[in-house]
Amino acid sequence: MDYGPAPESDAEVRAWLATHKSSFGHFIGGSFVTGAKQIDTNEPATGKLLARIADGSKKDIDTAVSAARKAQGSWEKLGGHGRARHLYALARMLQRHARLFAVLESLDNGKPIRETRDLDVPLAVRHFYHHAGWAQLQDSELSAYKAIGVVGQIIPWNFPLLMLAWKVAPALAAGNTVVLKPAEFTPLTALLFAELAHKAGLPPGVLNVVTGEGATGASLVEHAGVDKIAFTGSTEVGRLIRKATAGTGKSLTLELGGKSPFIVFDDADLDGAVEGVVDAIWFNQGQVCCAGSRLLVQEGVAADFIKRLKRRMGKLRVGHPLDKAIDMGAIIDPIQLKRIGMLVDKGVAEGAEKFQPEITLPATGCFFPPTLLTNVETSSTVATEEIFGPVLVSMTFRTPDEAVMLANNSRYGLSASVWSETIGLALDIAPKLQCGVVWVNATNLFDAAVGFGGYRESGFGREGGREGIYEYLKLKAWAARKPKAVQRVAAEAEVKPNFDEPALDRTAKLFIGGKQARPDGNYSRAVLSPSGKIVGEVGEGNRKDIRNAVAAARAAEGWSKATAHNRAQILYYMAENLSARADEFASRIKAMTGTSKAKSEVEAAIQRLFSYGAWADKYDGAVHAPPLRGVALAMHEPLGVVGVICPDEAPLLGFISLISPLIAMGNRVVVVPSERHPLAATDFYQVLETSDVPAGVINIVTGGRDTLLKTLAEHDDVDGLWVFGSKENSASAEKLSTGNLKRTLVDHGLATDWYDTASSEGPVLLRHAVQVKNIWIPYGE
Ligand code: ADP
């Protein structure tokens, strides 16, 4: 029996468009504002013009940012409960107009009405309800934090309303105001949302929508009045934004591309997994950043699985998005359609076998058939590039280890899907996958209570859940920091060494891979007292030393797998051994800095090590309760190898305060101690040697901060970078770390009070020492 067409009416949408004469300005300060220039937005399914929208200029962005700034103070002062009521009202508003939004989204984007109606809109609603809750709980649960201010948000065209909800709901809940730039292809649901939000009582200026193309987005990124940028889109543009915001103090979250593995073990429910593939790669025509686009099937079942999959592909229906009985709608734009076709041709040229089922596509409009490429090499273009279309590439593996290796063989790390009826196997694999979301025997599950976001070049930051709300808050204790009194003292230039002093009998070496190592260049630098006396010498590390240290840290991956109890024990040993030599450290600190607080600095350092010994097995993840039969485990995983630039202030306490949260959470570190006062760190080698710290977990390279920082920032095997130095150091850390999109934590040259626990101890830093992976485990028969 064949399906007949079951079209959804577009009458309401056409009526809404007609009230605006199908022509829109920006939505700024509570009303529509005409833009100087206009561009078209078309229906992908027919190619017909849907509406004209304004192409935002720098001036439009400026007007919107001013409106947002003006509204921010009173929005924040409204308090958690006041904002909760507004967010609740927005959820209700969306629900009331659910069908209007669903149809408009379908027309503007080309995606099936079944998806907008059953997924995009309900999930968007859920985000506003969930975040109404965070607003309500902000005073009690997030009292150490406050709103960031004015937030610029840039979203893509694949889930226009849902991405709006993911961004706008947490931002507004936390007390920020927003300037949103929707994608040029799909601006209409954002404009409808803004209009109806204001009818529902949202104060003017709290949410502003400026439409336009990439250049409009770039103006928003560059605007000095914006305190944070949240971006979802391509990795390429994500990198540009990281560079553009480097050193400005703007906070940043990036949700970027992916090439996610879909792993089928030989004991999987194969029919279930076939349905999973359909959802993973043909949902939204494959235009999904977390699409399961790389099928990895265990060899023994591969032929059978591919046969079943091909049969299923023959049943997929591609058609007009408003037809309720179709599985796949239109591709967003002819440009994208062409790109998909080119990539598929390239795959075939590189040796892949192409399968496309014998199904009919609409005669006009932007359509591409569901496509399977088999016989694909791991290095081929189609196996490594994000296609962003309905194209699945398939490979086989023999063992679980090989599956993990293939799965992780990507610069991205957004999501993965694991199919096996053996729960032990699936849960053994999930933590080994380098990505932010893992679905066990499922795919494309999303919820407002569960963080979503990537590892590696899929970006940083999370959207949803407790892990997501932090992205829209700033720590009150850090917000109060002042610029450092002395940004930079070039010791050599400003103080003359006193060469009348007796020659030193010992130059501290570097500490790499658990051993003291002579610096590669064989140079050393003098460490001076405040009066210019030489109090010691340390090795002058160079690029090669950093590279050796990174290799040693990379090799020490056993630390990331060690039990939290084990890591805690070692932190306690370090505290104990430091305590045994407290006087020696205190006199060293005094000799270098002249401080009268040397003893209390050592005491504070001991206490801090104890504190992280305590946290090591307590800063654990969460079990989220999304609305399904199942759970999502929000695991705290280490970043991997992290570079650390230590401050000159409190040379021992600063050093300990930065390395201990990182190693407590299972990271391995390459540390550059205070440039001026490095001897507290080099004396610490002996503490490390007597505390059973495994080789390579803590590597210390002394020398010039700027050079060593540059090498660390550019090193693609370094996953994170913490920089507590000058303003310029922070800027170059953010700018130079875009190659592999490192997670950075920088102080922008602001002085941290290392004695104040609220600003330098516990979850405030631990949060930056981990990345949250959410493992979804649906259960039931
Ligand atoms: P996609 O491949 O999903 O279209 P893009 O990264 O090109 O991803 O676009 C995502 C969003 O970023 C869109 O709203 C687009 O207009 C915007 N954008 C594109 N280029 C820039 C840029 N240089 N700066 C800021 N925003 C940009």
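For ligands, and for the atoms within them, numbers begin at 1 and follow the listed sequence. Model, not experiment: these values are computed from the prediction.
Between Glu184 and ligand 1, an N or O atom pair is found at a separation short of 3.5 Å. At a 3.5 angstrom cut-off on N or O pairs, Ile155 counts as close to ligand 1.
In summary, the atoms of ligand 1 found under 4.0 Å from a heavy atom of Ile154, numbered by their order in the structure, are 11 (C), 12 (O), 14 (O), 17 (C), 25 (C), 26 (N). Interface atoms of ligand 1 facing Glu213, defined by a heavy-atom separation under 4.0 Å, are 16 (O). Less than 4.0 angstrom separates some heavy atom of Pro156 from each of these atoms of ligand 1: 3 (O). For ligand 1, the atoms closer than 4.0 angstrom to any heavy atom of Pro182 are 14 (O). Proximity to Lys181 (heavy-atom distance under 4.0 Å) selects the following atoms of ligand 1: 13 (C), 14 (O), 15 (C), 16 (O).
Electrostatic pairing of Arg69 and Asp227 counts as a salt bridge here, judged by a charged N lying under 4.0 Å from a carboxylate O. No salt bridge links Glu255 with Arg462; every basic N to acidic carboxylate O contact stays at or beyond 4.0 Å.
Ranking protein heavy atoms by distance to atom 1 (P) of ligand 1, first place goes to Trp157 NE1, 3.8 Å. Looking at atom 18 (N) of ligand 1, its nearest protein heavy atom turns out to be Gly214 CA, 3.6 Å. Closest to atom 5 (P) of ligand 1, if we only count protein heavy atoms, is Ser234 OG, 3.6 Å. Closest protein heavy atom to atom 26 (N) of ligand 1: Gly217 CA, 3.6 Å.
Judged by distance alone, with hydrogens and angles left aside, the side-chain atoms of Thr235 form a donor-acceptor pair with the main-chain N or O of Gly257 at under 3.5 Å. At distances below 3.5 Å, at least one donor-acceptor pair connects side-chain atoms of Arg456 with backbone N or O atoms of Ser410. Not one N or O on the side chain of Asn176 forms a donor-acceptor pair closer than 3.5 Å with the backbone of Val150.
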Evaluate Phe159 against Phe283 for ring pair (Phe, Tyr, Trp, His ring centres under 6.0 Å), listing each step before the verdict. CA-CA 11 Å; Phe159 293 93; Phe283 166 60; 5.7 Å; yes

Using salt bridge (Lys or Arg N to Asp or Glu O under 4.0 Å), reason through Asp327 and Arg317 one step at a time and then give a plain yes or no. CA-CA 5 Å; Asp327 301 297; Arg317 303 185 78 233; over 6 Å; no

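Looking at Phe231 against ligand 1, only its side chain comes within 4.0 Å, counting heavy atoms.
The six-membered or imidazole ring of Phe388 lies near that of Trp157, with a centre-to-centre distance under 6.0 Å.
Atom 9 (O) of ligand 1 is never approached by the protein to below 4.0 angstrom, counting heavy atoms only.
With Glu8 as the fixed residue, the side-chain hydrogen bond (donor to acceptor under 3.5 Å, both in side chains) test singles out one of Arg114, Arg117, Arg99: Arg99.
Closest heavy-atom approach to atom 24 (N) of ligand 1 among the candidates Ala215, Ala183, Ala218: Ala218.
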